[in-house]
Trainee: 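There's a structure below that I have some questions on.
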Amino acid sequence: MKSISGFSKLSKTGKLRWVAENFFKDPKLVASELTSFWHGDNHQQKVFDDFSENTLSNYYMPYGVAPNFIINGKTYCIPMVIEESSVVAAAASSAKFWATRGGFKAEIIGTTKIGQVHFTWEGSSEKLNAIFPDLKAALHEKSADLTKNMRNRGGGILSIDLIDMTHLEENYYQLKVKFETCDSMGANFINSVLERFGQILQTFMFSSPAMKGKERDVIIIMAILSNYTPECLVRAYVECPIEDLGTFDGGKTSAELFAYKFDKAVKIANIDPYRATTHNKGIFNGIDAVVLATANDFRAVEACGHTYAARDGQYRSLTKTSIENGIFKLWLDIPMAVGTVGGLTSLHPLAKRSLEMLGNPSAKDLMSIIATVGLAQTFAAVKSLTTTGIQKGHMKMHLMNILNHLEATEKEVNQAVEYFKERIVSFTSVREFLNNSREVVVINN
Ligand code: MEV
């Protein structure tokens, strides 16, 4: 494999040519293929290019919608960006199912975000604690210029605590800072404040008359937000009398049996990490799709969700169920640090449209919408798993991918869709079907 120095200094076409010529059998074809995915509008393409570095082209993903979501009495059509077949269909079918059973409910439990300044200091903890009230005042005062706008919007710094971690690591302390970032996800705001805090801390200790010798030296290890935001939390839930659930799998599964199996499935995900991982993956199928469609940070949301799922030391299901007094209830508690202003939310043209489609929600509304889609997604997945099994619906959806892969014509697609209505879809069965029908055509000709 070739390497290169100064790649980032090449022009975009220079980069594309270098990659095409050095890693592909047919550089011309690859270069023209990559170029064919450029946006027709140069200005728009430049916006996409500038999101990241060394951009060669655009990587397409389907942008779909799941309509008819009723959340807290309001109807939404929800944009979803996802490549996995069945996910949007599952969300839409869940939305339809719950629309006639009271809809989805969501409530915000908190919106607090967290950042940390990690530092080392050689001295007695008592002395640091004693000086901390003055330090805290300095931190607030000397970062006031950075926090002014956020304070005007109703947010800013909520609290600053000094955490002694020396029992775990020699000389290690933290400033643990809580923030309210209103409608922004707040990463840049938080990180700017924390970096300033690092400087203030060093200057404060260096110039404090109470500090002598080594006590004047603070080593800032790093200053960064925590993507674990358990206090930026939303709950989404559905509930209805068991008999209102109806029957499943063509009447084979009664409402009572369904509720029993569903409840057990969620309890299994709560006690078994192998199942919990797959169960939560089903939730993130929905969550990630909306997080992506609104240009939020899906890595942050995922990382946080998984940590939260393991908050008591074992990785568990993010959803819970209860069956009490004949009422079936399913809920999802999930931390969700997302924004509806700042970042790419207004720069990415489709993210902007996604937010418009959702009625330009506040960050709290978006937290509710995203959590609801996660809940809808897992409801559909566990419903299939505990009734018909997942493959029937999944492979039906996947049929189109297989047909595209085998370059089926429109006529063949229509025939295959008809043929596989009552048959099991697999790559082999679809290939055989196409081979057979193609042979028939050759013989007939
Ligand atoms: C597939 O993408 C997601 C599921 O595996 C989720 C689950 O098992 O609950 C169907």
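All figures in this text were calculated on a predicted structure; none of them were measured in a lab.
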Trainee: Using 30° and 60° as the class limits, which term best fits the ring planes of Tyr60 and Phe37: parallel, tilted or perpendicular?
Mentor: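 Correct class here is perpendicular.
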Trainee: Do Lys96 and Asn68 come close enough that some side-chain heavy atom pair is under 4.5 Å?
Mentor: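 No. Closest side-chain heavy atoms not under 4.5 Å.
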Trainee: Begin from the C-alpha positions of Lys281 and Glu302 and carry the test salt bridge (Lys or Arg N to Asp or Glu O under 4.0 Å) through to its verdict.
Mentor: CA-CA 10 Å; Lys281 190 269 184 186; Glu302 281 250 6; over 6 Å; no
Trainee: For residues Tyr173 and Ser124, report the shortest heavy-atom separation together with the two atoms involved.
Mentor: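 Closest pair (atom of Tyr173, atom of Ser124, distance): OH-C, 4.4 Å.
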Trainee: Among all residues two or more places apart in sequence or in another chain, which pass the side-chain hydrogen bond (donor to acceptor under 3.5 Å, both in side chains) test with Ser368?
Mentor: none
Trainee: I want to check something: taking the side chain as every heavy atom from C-beta on, are Ser159 and Val177 in contact at a cut-off of under 4.5 Å?
Mentor: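 Ser159 vs Val177: side chains apart.
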Trainee: Between Tyr172 and Trp121 (judged by ring centroids, cut-off 6.0 Å), do the two rings come close enough to count as a pair?
Mentor: no
Trainee: Do Ser143 side-chain atoms and Leu146 backbone N/O form a donor-acceptor pair below 3.5 Å?
Mentor: no
Trainee: Would you confirm whether Gln377, through its side chain, and Ile287, through its main-chain N or O, come within 3.5 Å as a donor-acceptor pair?
Mentor: no
Trainee: Can you find a heavy atom in the side chain of Asn72 that is under 4.5 Å from one in the side chain of Lys74?
Mentor: no
Trainee: Under 4.0 Å between a Lys/Arg side-chain N and an Asp/Glu carboxylate O for Lys113 and Glu231?
Mentor: no
Trainee: For a quick test of reading the model, state the closest non-hydrogen atom pair linking Leu139 to Phe197 and the distance between them.
Mentor: O-CE1, 3.5 Å
Trainee: State whether the number of non-hydrogen atoms from other residues, nucleotides or ligands found under 6.0 Å of Asn404 atom CG is greater than 12.
Mentor: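 Correct, the count exceeds 12.
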Trainee: For Trp18 and Phe23, I'd like to know if the aromatic rings sit close, meaning centre-to-centre distance below 6.0 Å.
Mentor: yes
Trainee: So, taking the atom named OG1 in Thr294 and the one named CG in Leu366, what distance separates them when rounded to the nearest 0.5 Å?
Mentor: 5.0 Å
Trainee: Under 3.5 Å, is there a donor on one side chain and an acceptor on the other for Thr112 and Glu180?
Mentor: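 No, because no side-chain N or O of Thr112 sits under 3.5 Å from a partner of the opposite role on Glu180.
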Trainee: Around atom NZ of Lys261, are there more than 12 heavy atoms from other residues, nucleotides or ligands closer than 6.0 Å?
Mentor: yes
Trainee: How about Asp49 and Gln45: does a side-chain donor come under 3.5 Å of a side-chain acceptor?
Mentor: yes
Trainee: Quick one: are Met150 and Thr181 in side-chain contact, heavy atoms under 4.5 Å?
Mentor: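 Answer yes - side chains close enough.
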Trainee: Run Glu215 and Lys212 through salt bridge (Lys or Arg N to Asp or Glu O under 4.0 Å) and show every step you take.
Mentor: CA-CA 5 Å; Glu215 290 171 347; Lys212 307 276 175 260; over 6 Å; no
Trainee: Can any side-chain N or O of Ser354 pair as donor or acceptor with the backbone N or O of Ala293 at less than 3.5 Å?
Mentor: yes
Trainee: Yes or no on ring-ring contact (aromatic ring centres under 6.0 Å, His included) for Phe97 and Phe379, after CA distance, side-chain angles and deciding distance?
Mentor: CA-CA 10 Å; Phe97 183 92; Phe379 177 76; 5.1 Å; yes
Trainee: Ignoring hydrogens and geometry, is there a side-chain-to-backbone donor-acceptor pair from Arg196 to Lys142 under 3.5 Å?
Mentor: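 Such a contact is found between Arg196 side chain and Lys142 backbone.
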Trainee: State, with a plain yes or no, whether a side-chain heavy atom of Met165 is found less than 4.5 Å away from one of Glu169.
Mentor: no
Trainee: I'd like to know whether Thr388 forms a side-chain hydrogen bond (donor to acceptor under 3.5 Å, both in side chains) with Asp249, so could you lay out the CA-CA distance, the side-chain angles of the two residues, the decisive distance to 0.1 Å, and finally the verdict.
Mentor: CA-CA 6 Å; Thr388 54; Asp249 198 10; 5.6 Å; no
Trainee: Please say whether more than 12 non-hydrogen atoms of neighbouring residues, nucleotides or ligands are located less than 6.0 Å from CG in Asn188.
Mentor: no
Trainee: Looking only at heavy atoms, which two atoms of Ala138 and Phe204 are closest? And how far apart?
Mentor: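 Of all heavy-atom pairs spanning Ala138 and Phe204, the closest is CB-CD1, 4.0 Å.
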Trainee: Do any N or O atoms from the side chain of Ser93 and from the backbone of Ala90 form a donor-acceptor pair under 3.5 angstrom?
Mentor: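 It does hold such a pair.
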Trainee: What closest approach, in Å, do Ile71 and Ile369 show between heavy atoms, and which atom pair accounts for it?
Mentor: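 For Ile71 and Ile369, the tightest heavy-atom pair comes out as CD1-CA, 3.9 Å.
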Trainee: Once ring-ring contact (aromatic ring centres under 6.0 Å, His included) is applied, what residue pairs with a partner in residues 337-375 remain, sequence neighbours excluded?
Mentor: Phe48-His348, Phe51-His348
Trainee: Specify the closest pair of heavy atoms between Ile114 and Phe179, including all atoms of both residues, with the distance to one decimal.
Mentor: C-CD1, 4.5 Å
Trainee: Between Asp333 and Arg235, is there a side-chain N and carboxylate O pair less than 4.0 Å apart?
Mentor: yes
Trainee: Please report whether the ring centroid of Phe262 lies less than 6.0 Å from that of Phe328.
Mentor: yes
Trainee: I need the minimum non-hydrogen distance between His167 and Asp164, along with the two atoms involved.
Mentor: CE1-O, 3.4 Å
Trainee: Once you measure the plane-to-plane angle for His306 and Phe284, does it fall in the parallel (<30°), tilted (30-60°) or perpendicular (>60°) bin?
Mentor: tilted
Trainee: Any sub-3.5 Å donor-acceptor pair from Ser317's side-chain atoms to Thr319's backbone N or O?
Mentor: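 Judged by distance alone, yes, a pair lies under 3.5 Å.
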Trainee: Tell me whether Asp183 contacts the main-chain N or O of Ser362 through its side chain, where contact means a donor paired with an acceptor under 3.5 Å.
Mentor: no
Trainee: Given side chains that start at C-beta, do those of Val382 and His279 come closer than 4.5 Å, heavy atoms only?
Mentor: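 They are in contact (side-chain heavy atoms under 4.5 Å apart), so the answer is yes.
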Trainee: Could you go through the side chain to side chain contact (heavy atoms under 4.5 Å, CB included) check for His405 and Asn401 one step at a time?
Mentor: CA-CA 6 Å; His405 186 85; Asn401 285 343; over 6 Å; no
Trainee: May I ask you to decide if Leu225's main-chain N or O and Asn191's side chain share a donor-acceptor pair within less than 3.5 Å?
Mentor: yes
Trainee: Passes salt bridge (Lys or Arg N to Asp or Glu O under 4.0 Å), Lys329 versus Glu324? Steps please.
Mentor: CA-CA 8 Å; Lys329 180 166 178 178; Glu324 279 168 25; over 6 Å; no
